[in-house]
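One structure below.
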Amino acid sequence: MTAPSHDLTADAPIAAHSGHARASATPGRPGLLPGLALSAAIAAGAFGLRLLPGLGMFSPMILAIVAGMALHNVVGTPTRAKPGVAFAMRRVLRFAIILLGMQLTAAQIVEVGARGLFVIALSLTGTFLFTVWIGRLLGVDRKLAELIAAGTSICGASAVIATNTVTRAHDEDVAYAVACVTVFGSVAMVAYPLLPGLLHLDAHAFGLWSGASIHEIAQVVAAAFQGGQQAGEFGTIAKLARVMLLAPVVLTLGLLAARRARHGGHGQTGAQPPLPWFVFGFIALVGLNSLITVPAEVKTVIVTATTFLLSMALAAMGLETDFAKLKAKGLRPLALGFAAFLFIAGFSLALVKLTT
């Protein structure tokens with residue numbers, strides 16, 4: 001569980017945040033508590049908002065970043081909360097991603113089968129590369145394109161914020177990418193259940209298609225179970241197998257970022273290239289969860305705690321996001337998100353048809 005602290009040393013801006021947080025703990029200066037309490041309060045409020053009619057379809061993470069942005073742009077983020085907000089965006093985020101490993105097992109991958117894994121892996125890889133390529137053609141900033149690519153191809157908001165640990169994009173880029181995957185994932189959630197008959201998909205094929213292409217886990221569950229119990233269960237398992245690929249994707253992006261840093265001469269300044277050490281904690285917990293049987297009630301607590309911590313991190317990002325900067329990015333990133341959504345839906349469907 002110490003992995004995230006190593007990752008912090010690899011990023012000068014994050015180190016600055018961390019150093020500021022330590023300095024803020026001195027007498028006469030605010031510590032981490034105000035910002036952490038504010039982020040936690042927004043996350044708790046997001047859980048409560050889901051109980052309102054029409055909001056249950058959204059994850060607490062999405063509601064948390066929206067609430068954080070609203071608070072920041074209407075009222076403003078208190079200065080004394082800044083250190084804790086920065087801590088939530090970095091350390092709390094990494095710890096939450098490590099805990100995600102307790103939701104996955106090697107047995108789930110086996111259950112998907114070789115053909116299912118082929119569809120999932122190829123859909124993910126093809127979508128990521130396509131999105132980055134189209135982003136370049138559209139003139140979208142590379143970092144923002146990578147975030148949209150990760151959110152679309154892997155697992156929505158969780159993938160966006162995990163990828164940003166090595167991409168190092170601005171908070172507004174993170175917010176924009178989260179908005180893209182939320183909008184188009186919601187479109188998929190509503191549209192997919194209308195299509196199995198038209199596309200001649202049986203329950204297994206529909207579940208695989210849903211799990212391989214819809215953005216968020218909650219959206220997959222909502223869509224796949226409309227095709228029946230078998231479709232819902234297989235779609236959920238397929239989606240979890242897809243989430244498992246978050247680790248190699250983030251590690252690969254970290255290595256590419258390190259390579260760019262060396263070629264760009266950053267190594268001359270003594271700055272270390274970013275390496276997502278927390279991913280190894282994620283992998284370790286997947287292994288642990290595969291070897292031992294965690295009681296259902298304990299796992300429920302872990303899943304809830306993980307979602308809450310991720311919601312805290314996104315609330316913190318919202319507290320650092322300015323609407324004016326989002327507006328300045330224009331519609332091209334939104335067009336990129338739409339293109340990525342169409343690609344993963346069409347490409348994965350073609351693969352499902354060819355392999356089932």
Side-chain angles (χ1 to χ4, degrees), residues 17 30 32-97 99-100 144 147-148 151 155-164 169-187 189 215-219 222 303-329 333-334 337:
H17 276 302
L32 299 177
L33 186 57
L36 288 175
L38 180 58
S39 301
I42 294 173
F47 274 78
L49 285 173
R50 295 188 72 242
L51 302 177
L52 297 177
L55 294 181
M57 69 177 67
F58 299 106
S59 74
M61 293 182 288
I62 304 303
L63 297 175
I65 192 171
V66 171
M69 286 191 294
L71 180 63
H72 176 72
N73 287 275
V74 175
V75 179
T77 302
T79 302
R80 66 195 309 266
K82 294 285 187 179
V85 167
F87 188 89
M89 284 194 300
R90 310 304 195 242
R91 303 275 185 117
V92 172
L93 167 62
R94 286 157 175 77
F95 182 68
I97 294 172
L99 286 182
L100 273 176
L144 177 53
L147 296 183
I148 294 174
C155 55
S158 299
V160 171
I161 57 180
T163 301
N164 195 51
H170 297 295
D171 293 330
E172 287 75 24
D173 288 344
V174 175
Y176 204 125
V178 168
C180 280
V181 300
T182 301
V183 168
F184 297 118
S186 297
V187 170
M189 179 181 66
H215 302 51
E216 295 272 356
I217 293 178
Q219 294 164 346
V303 170
T304 303
T306 302
T307 304
F308 183 81
L309 292 175
L310 287 172
S311 299
M312 274 187 66
L314 277 172
M317 288 182 181
L319 291 169
E320 293 288 328
T321 302
D322 292 321
F323 285 151
K325 293 181 180 179
L326 282 177
K327 184 178 179 180
K329 294 185 180 299
L334 188 66

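In this chain, residues are counted from 1 in sequence order.
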side-chain contact (heavy atoms from CB on, under 4.5 Å) between Met61 and Val178: does it pass, once the steps are laid out?
CA-CA 10 Å; Met61 293 182 288; Val178 168; over 6 Å; no
Would you give the length of the straight line joining atom [atom1] of [X] to atom [atom2] of [Y], rounded to the nearest 0.5 angstrom?
{"X": "Leu334", "Y": "Ile148", "atom1": "CG", "atom2": "CD1", "result": "8.0 Å"}
{"X": "Ser39", "Y": "Leu32", "atom1": "OG", "atom2": "CG", "result": "10.5 Å"}
{"X": "Thr77", "Y": "Met69", "atom1": "OG1", "atom2": "CE", "result": "12.0 Å"}
{"X": "His215", "Y": "Cys155", "atom1": "NE2", "atom2": "SG", "result": "11.5 Å"}
{"X": "Met312", "Y": "Met89", "atom1": "CE", "atom2": "CE", "result": "12.0 Å"}
{"X": "Met189", "Y": "Phe184", "atom1": "CE", "atom2": "CZ", "result": "14.0 Å"}

Could I get the full list of side chain to side chain contact (heavy atoms under 4.5 Å, CB included) partners for Ala315, not counting sequence neighbours?
Ile42, Ala64
Under the side chain to side chain contact (heavy atoms under 4.5 Å, CB included) test, which residues partner Leu49, sequence neighbours left out?
Leu52, Leu55, Leu63
Over all heavy atoms of both residues, which pair between [X] and [Y] is shortest? Give the atoms and the distance, please.
{"X": "Ala177", "Y": "Leu147", "value": "CB-CB, 3.7 Å"}
{"X": "Leu38", "Y": "Ala81", "value": "CD2-CB, 4.2 Å"}
{"X": "Asp173", "Y": "Leu144", "value": "O-CD1, 3.3 Å"}

Taking distance alone, no hydrogens or angles, what donor-acceptor pairs closer than 3.5 Å link side-chain atoms of residues 303-310 to residues at least two apart or in another chain?
{"from": "Thr304", "atom 1": "OG1", "to": "Thr300", "atom 2": "O", "distance (Å)": "2.9"}
{"from": "Thr306", "atom 1": "OG1", "to": "Ile302", "atom 2": "O", "distance (Å)": "2.8"}
{"from": "Thr307", "atom 1": "OG1", "to": "Val303", "atom 2": "O", "distance (Å)": "3.0"}

Any Leu36 side-chain heavy atom under 4.5 Å of Val92 side chain:
yes
